Q: 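For reference, the structure I am asking about is given below.
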Number of protein chains: 2
Amino acid sequence: MNAVICTVDIVLLTLGDEGLSVALLKRDRQPFKDLAALPGGFIHADTDVDGFDAAMRVLSSKTGIHAPYLGQLATFSGAARDPRGWSVSLAYYALVPFDVITGAGHPDVKLVPVDRLPALPFDHAAIVATAVERLRSKSQYSSLPCFLVGELFTLPQLQRVYEVLMGEELNKVSFRRKMTELDVLEPVEGQMAASGASRPAQLYRLKPAFRDQPGLLKRGL
Amino acid sequence: MNAVICTVDIVLLTLGDEGLSVALLKRDRQPFKDLAALPGGFIHADTDVDGFDAAMRVLSSKTGIHAPYLGQLATFSGAARDPRGWSVSLAYYALVPFDVITGAGHPDVKLVPVDRLPALPFDHAAIVATAVERLRSKSQYSSLPCFLVGELFTLPQLQRVYEVLMGEELNKVSFRRKMTELDVLEPVEGQMAASGASRPAQLYRLKPAFRDQPGLLKRGL
DNA sequence: ATAATAGTGTCTATTAGACACTATTAA
DNA sequence: TTAATAGTGTCTAATAGACACTATTAT
């Protein structure tokens, strides 16, 4: 009755010069050996506490990255998605600042813009699409995009992140009102970001209570 | 490496006189035999196409009910949730009009208000809580609650459903504006609902395109 | 006619966006 | 000083809610 392959797959997203990108890894075993795919692996029933724990293990062992945000995405399952048999993939999505990936210096990790994906094995294309959709949706009404910037950031930087995710320009006054309403940021006193030949911007960071999970707005934008 | 129990559990929700309620079934086997629990069962890797297919099978075989809405909720997993070992439960939630459950006449199915749940086996209490939260959240900005009323309904009936789910009274004019904006309903010409000694209300039904999935609002409420 | 609830027109309050103005830096 | 971008005050537009009025039924 039961002969199900149980795996975890991670959609590690970041925002770089080429837009929203996903981390892909060359597969080191069959099936689809040597193809670029999502970082993933089997559930280790003897050592993993639960799916989230397995996701953290897979993410850090395959990429060396500790993401500030890691959340359950959805579960992809069925007889057709893996040639080895009926399988379940617990898909998680992680958000991480660009320089955390480049800085981790894992040479196998390739960042690929989500709108220029190569053909992916299994149903990984659908998993990535679901993750992107989830991130874009949550960007409408939460502070989730804050996990794509570094620990310290300015409001103009953050606004540009929101704008890329939402695919539209945002009103500066409204955006700042919404950030105030979200109430997840605190200014870092005295510090300013060095920009070009213009006024430097106030630096902010996430309030401690929101470093692991986003804050939510009543009304979006 | 793999010895994972793969199951499906269904949170079947409906709206009755006692408020939002969940369908529980007396377990017919160990563990927790004879305790009330969510309808669930093992994945049948030899016959189920995928998790959704397994959820439909479990729902109809255990309760005899075909729900107008069935969606993936989340996946609950880990070493501790099932005494038999490391397990994965693909949790789905289903919405169904009250009279579909009572009319199906499955005597084992007990409807229990979600705010007066008995102690439940496994992590079923957490699964139900997640489903209720999801439904309440989606009620803010989608037509999901429409799946809790019958095929034909009036706007005052639907508004009462939204009010129960959201736990607050809604402005009649605003509610109707939002329903118009959602654009998922069509009036059933000529028909009126028989009420008491007052003006009968126009009957509506879901537009065919929205009979399987809800419509969404830009701005909530 | 009266009571009861459905449905709508319209005014007011709240929220979002446009726009302009001041602030602060490098060159 | 100018150029460039940060940050804010304030007016206008859009949206949501309050309230009252008309509509339609049973008694």
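In what follows, every chain begins at residue 1, and chains take the letters A, B, ... in the order their sequences are listed. Please read all numbers here as calculations on a predicted model, not as lab measurements.
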Q: Find the distance between CG (Leu144(A)) and CD (Gln213(A)) and round it off to the nearest 0.5 Å.
A: 11.0 Å

Q: Please tell me if the side chains of Leu90(A) and Val88(B) come closer than 4.5 Å, counting only heavy atoms from C-beta onward.
A: yes

Q: With a 4.5 Å cut-off on side-chain heavy atoms, are Lys62(A) and His106(A) touching?
A: no

Q: Is there a donor N/O on one and an acceptor N/O on the other, under 3.5 Å, for the side chain of Asn171(B) and the base of dA18(D)?
A: yes

Q: Using only side-chain N and O atoms of Ser174(A), determine if any of them is under 4.0 Å from OP1 or OP2 of dG17(C).
A: yes

Q: Taking CD from Gln159(B) and P from dT5(C), how many angstroms apart are they, rounded to a whole number?
A: 14 Å

Q: Rounded to the Å, how far apart are Arg199(A) CZ and dA23(C) C1'?
A: 4 Å

Q: State which of dG7(C), dT8(D), dA16(D) makes the closest approach to the side chain of Val173(A).
A: dT8(D)

Q: Can you tell which of dT15(D), dG7(C), dA6(D) lies closest to the side chain of Arg219(B)?
A: dT15(D)

Q: Find the distance Leu217(B):CG to dT15(D):C1' and express it as a whole number of Å.
A: 13 Å

Q: Using heavy atoms to find the nearest nucleotide of DNA chain C for Glu181(A) and Gly196(A) separately, return the residue whose nucleotide is more 5′.
A: Glu181(A)

Q: Are Tyr162(A) and Phe175(A) close enough that their ring centres sit under 6.0 Å apart?
A: yes

Q: How many Å lie between NZ on Lys172(B) and C1' on dA23(D), as a whole number?
A: 11 Å

Q: For Ala197(A) and Thr154(A), find the nucleotide of DNA chain D closest to each by heavy atoms; which residue's nucleotide sits nearer the 5' end?
A: Ala197(A)

Q: Any side-chain donor paired with an acceptor under 3.5 Å for Ser77(A) and Asp50(B)?
A: no

Q: Quickly work out the Leu170(B) CG to dG17(D) P distance and round it to whole Å.
A: 8 Å

Q: Tell me: CZ of Arg176(B) to P of dG9(C), nearest whole Å?
A: 12 Å

Q: In whole angstrom, give the distance that lies between atom CZ of Arg177(A) and atom P of dG7(D).
A: 16 Å

Q: Check every atom of dT24(D), dT24(C), dA4(D) against the side chain of Ser198(A) and return the nucleotide holding the closest atom.
A: dA4(D)

Q: Between atom CD in Gln140(B) and atom P in dA16(D), what is the gap in whole Å?
A: 13 Å

